Undergrad: 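I have a structure I would like to understand better, so I am pasting it below and will then ask my questions one at a time.
Here the structure is a predicted model, which means the values were calculated and not measured. Per chain, numbering begins at 1; letters A, B, ... match sequence-line order.
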Amino acid sequence: MEHIELFFKSIFIDNMVFATFLGMCSYLAVSKKVSTAVGLGAAVVFVLAVTVPVNWLLDQYILQPGALKWLGAEYAEYDLSFLSFIMFIATIATMVQLVEIVVEKFSPSLYNSLGIFLPLIAVNCAILGGSLFMQSREIQTIGLAFNYGISSGIGWFLAILAIAAIREKIRYSNVPAPLRGLGITFIITGLMAIGFMSFGGMLTGGDEEAPAEEKAAKIEKKEDTKEDIEVANNIKVIK
Amino acid sequence: MGLLSKKDAKLITDPLADNNPITIQVLGICSALAITAQLKASIVMAVSVMAVLGIGNVVISLMRNIIPSKIRIIVQLVVVAALVIIVDQVLKAFSYELSKTLSVFVGLIITNCIIMGRFEAFALGNGPWRSFLDGIGNALGYGVILVIVGFFRELLGSGTLLGFKVLGDPIEKTGLYAIGYENNGFMLLSPMALIVVGIIIWVQRSRNKDLIED
């Protein structure tokens, strides 16, 4: 149940592109054709599925406050979490290299379709963002971390596929000249993001308690200012 | 400008308008959109990026002759990551609330494409002083867009600027609110950031016809 919930939540509600704007650079640059978009999307799913669990292990056993307990009681007080940026990005860069070598060796056909995108991915914010969100949302088990990696990758894949399809069609439309290309893509993405916001209520039905708690914690972390303003507006309406 | 030759000054002024990193080069969009609901967060983000990009460009430019080209990406990543850790720690020490608001987006400066883009395109081929100017210029261009977006989103969304109630008090009904003005809460949600940037691009390209894509 936990797994299914996280899966759909990461794809639709916390969609990387539409809710947190991660990986926008490659999203905008590589979405001119559906075929290349599919290649990059698949590569992102693949790399996220590998790097998020690896970084989860790093976080649990090296970086978190008290994580070094397995070395002996005297290490229990160390807090290395300030190193997480550099550790995560190093892991990601290495894993991407490793994946590239392995894929090239064992599956040349997959390498031909994914290969050119792999180096691009090391500096895609969606990948580092996946690991950082995994850390800040305190995902509990390695299974969930793997699930989170795959599902947020799929969310990104869906987004780039959709925008690539729209951009292929929009070439035949009469867009005002200054908006052509980048401008209209931004506005379409905004409209799509508004659409995706409607998934927000998806998990509140059924078993109420767990998601409500989770959501409250998340809102506190990420959007407390937004919530304050909403509350202020509500108070005003009630008055 | 005695200090800067004409060519150097161009390094700073170009990215502000005709070669803007966000609206023209399409770099560094992720963080530009996510944190602009408040003007203050936008300004802090712009300053952080400026520090990282300015110093990082100098470091890479000093090392440009000794970095083997095969591993340059990872060297660049390490340099940026180290600088970002410093920025993050400084933010946590001096303005903890704000660093909470920015959450993971400080960390995401590492993969901000502006930084890698400028390292690759400029710092690897130019001396430290010019690289520094280029870094500052591009960070300014990035900051300008951030501040514009942050200004409109905070003003229209919550009626404040930097936390001051410039349009009057929505609960007490003073200022503009007395004549029935309402805040547009939608401006605070993420999709509006995209649309505001889209509009900025529209305005910029209608003023300068050379930038129009076909």
Undergrad: Determine, step by step, whether A:Ile89 and A:Leu128 satisfy the side-chain contact (heavy atoms from CB on, under 4.5 Å) criterion, reporting the C-alpha distance in whole Å, the side-chain angles of both residues, the deciding distance to 0.1 Å, and the verdict.
TA: CA-CA 7 Å; A:Ile89 197 73; A:Leu128 182 65; 4.3 Å; yes

Undergrad: Taking the side chain from A:Arg167 and the backbone from A:Leu28, do they hold a donor-acceptor pair closer than 3.5 Å?
TA: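 Yes, A:Arg167 side chain to A:Leu28 backbone: donor-acceptor pair under 3.5 Å.
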
Undergrad: Under a 4.5 Å cutoff for heavy-atom pairs, which residue among A:Cys125, A:Pro176, A:Gly129 has the most contacts with chain B?
TA: A:Cys125

Undergrad: Between A:Phe18 and chain B, with a heavy-atom cut-off of 4.5 Å, which part of the residue counts as in contact: side chain, backbone, both or neither?
TA: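 The answer is the backbone of A:Phe18.
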
Undergrad: Quick check for you: among B:Pro191, B:Ala82, B:Ala81, which has the greatest number of heavy-atom pairs under 4.5 Å with chain A?
TA: B:Pro191

Undergrad: Shortest non-hydrogen contact from A:Tyr148 to A:Ser10?
TA: CD1-OG, 3.6 Å

Undergrad: Heavy-atom pairs under 4.5 Å with chain B are the metric here; pick the option from A:Leu132, A:Ile187, A:Thr94, A:Leu179 that has the most.
TA: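 Among the listed options, the one with the most contacts to chain B is A:Leu179.
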
Undergrad: Applying a heavy-atom distance below 4.5 Å, give me the residues of residues 52-59 of chain A that approach chain B, sorted by number.
TA: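 From residues 52-59 of chain A, none sit under 4.5 Å of chain B.
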
Undergrad: Spell out, as yes or no, whether a donor-acceptor pair under 3.5 Å connects the side chain of B:Asp88 to the backbone of B:Val84.
TA: no

Undergrad: Could you tell me which portion of A:Met192 (side chain, backbone, both or neither) has an atom closer than 4.5 angstrom to a non-hydrogen atom of chain B?
TA: neither

Undergrad: Identify the two heavy atoms, one from B:Arg64 and one from B:Pro128, that lie closest to each other, and give their separation to 0.1 Å.
TA: NH1-CD, 4.3 Å

Undergrad: Distance-only check: which donor-acceptor pairs under 3.5 Å involve side-chain atoms of residues 43-53 of chain B, not counting sequence neighbours?
TA:
unit_1: B:Ser48; atom_1: OG; unit_2: B:Val44; atom_2: O; d: 2.7

Undergrad: Closer than 3.5 angstrom, by distance alone: can the side chain of A:Ser31 be matched with the main-chain N or O of A:Ile160 as a donor-acceptor pair?
TA: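 Judged by distance alone, no pair lies under 3.5 Å.
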
Undergrad: Between A:Phe8 and A:Phe12, what is the ring plane arrangement, given parallel below 30°, perpendicular above 60°, and tilted in between?
TA: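 The rings of A:Phe8 and A:Phe12 lie parallel, inter-plane angle below 30°.
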
